[in-house]
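Report on the following structure.
Predicted model only: the values in this text are computed from it and were never measured. Both counts, for ligands and for their atoms, begin at 1 and track the order of listing.
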Amino acid sequence: MKEIKIESTLYVFDNVHELPQEAFKLMQKAVEAREKAYAPYSKFHVGAALLLDNNEIITGNNQENASYPSGLCAERTAIYYAGSQFPNAKVIRMAISAGSKNNQTKEPIPPCGACRQAIAEYEIKQETPIEIYFMGETGKVAKSKSLANLLPLVFDKSVL
Ligand code: THU
C-alpha cells in the first residue's frame, strides 16, 4: 500500500478590484449574467462568463425548473452554448459569481462537480488550460490556473 497525495493550488484576491483588468471585465459580465438568473426555487443565483480565443464573450446563468433536476447550472449553460456556437474556439478564461437571495454570499463559490466535469471535457479537447475565477457577490475572488487543478482524478476519454 502506498499513500498518494493530490494537491490543488488557488490564488486568492482580496476583492474584485485586485484582479487583472481582463479578468475584472469578465467577472463584471458574470455578475451581470448572475442578475438575470432564473432561480425561483433555490434563490441561489449564479452567473458565468467565458472569454474565447476569438474574443467572443459568452455568458450564462442557472435556469431552474419546477421539475428540479431539469434545471441547469450557469457554468454548463455558458460552456455548452460556447461549444455549440463556436466549436473550434478555445476557452481562455471563465469567471463565475454566485449569490443567495437568502443571505449575502461573501465567500468564493467554486463550480459544482458536474460543472467541473463538463468544463474538463473542453479543456481536454482544446489542449490548453482554462483559467477559472470564482467569487460570491462580494469579497474574495479565487483563481485556479486550470480546470484540471479543480478536478483531480478526472474521468476522461482515455479510459473509454
Ligand atoms: N448552481 C450553479 O449554477 N452552478 C454551480 O456550480 C452550483 C449550483 C445552481 C444550480 C441551482 O439552480 C442553484 O445553483 C442551487 O444549487
(message) Assess whether a salt bridge exists between K125 and E123, defined as any Lys/Arg side-chain N lying under 4.0 Å from an Asp/Glu carboxylate O.
(response) no
(request) Mind checking the CD-CG spacing from E137 to N103? Nearest 0.5 Å is all I need. (result) 8.0 Å
(message) Under a 4.0 Å threshold between the charged nitrogen and the carboxylate oxygen, would E107 count as salt-bridged to K140?
(response) no
(message) Does the protein place a non-hydrogen atom closer than 4.0 angstrom to atom 16 (O) of ligand 1?
(response) no
(message) Nearest 0.5 Å, please: how far is SG in C112 from CG in N62?
(response) 10.5 Å
(message) Taking 4.0 angstrom as the limit and counting only heavy atoms of S42, give me the atoms of ligand 1 inside it, by number and element.
(response) 13 (C), 15 (C)
(request) Note the single closest protein heavy atom to atom 9 (C) of ligand 1, along with its residue, its atom name and the distance in Å. (result) N62 ND2, 3.5 Å
(request) Flag the pair E131 / K143 as yes when at least one side-chain heavy-atom distance between them is below 4.5 Å, and no otherwise. (result) yes
(message) Test of understanding: given a 4.0 Å heavy-atom threshold, classify the contact between E75 and ligand 1 as side chain, backbone, both, or neither.
(response) side chain
(request) Identify the protein heavy atom lying closest to atom 1 (N) of ligand 1, giving its residue, its atom name and the separation to 0.1 Å. (result) C73 SG, 3.5 Å
(request) Considering only non-hydrogen protein atoms, determine which one is nearest to atom 7 (C) of ligand 1 and report residue, atom name and distance to 0.1 Å. (result) C112 CB, 3.9 Å
(request) Write out the residue and atom name of the closest protein heavy atom to atom 3 (O) of ligand 1, then the distance separating them to 0.1 Å. (result) A74 N, 2.9 Å
(request) Answer with side chain, backbone, both or neither: which part of A39 has a heavy atom less than 4.0 angstrom from an atom of ligand 1? (result) neither
(message) With side-chain contact (heavy atoms from CB on, under 4.5 Å) as the test, pick out the partner of L150 among I119, L10, I130.
(response) L10
(message) If I take atom CD1 from residue I4 and atom CD1 from residue I6, how far apart are they, to the nearest 0.5 angstrom?
(response) 7.0 Å
(message) Please state which option from R116, H45, E64 has its nearest heavy atom closest to atom 11 (C) of ligand 1.
(response) E64
(message) Please confirm whether G71 approaches ligand 1 to less than 4.0 Å, judged on its heavy atoms.
(response) no
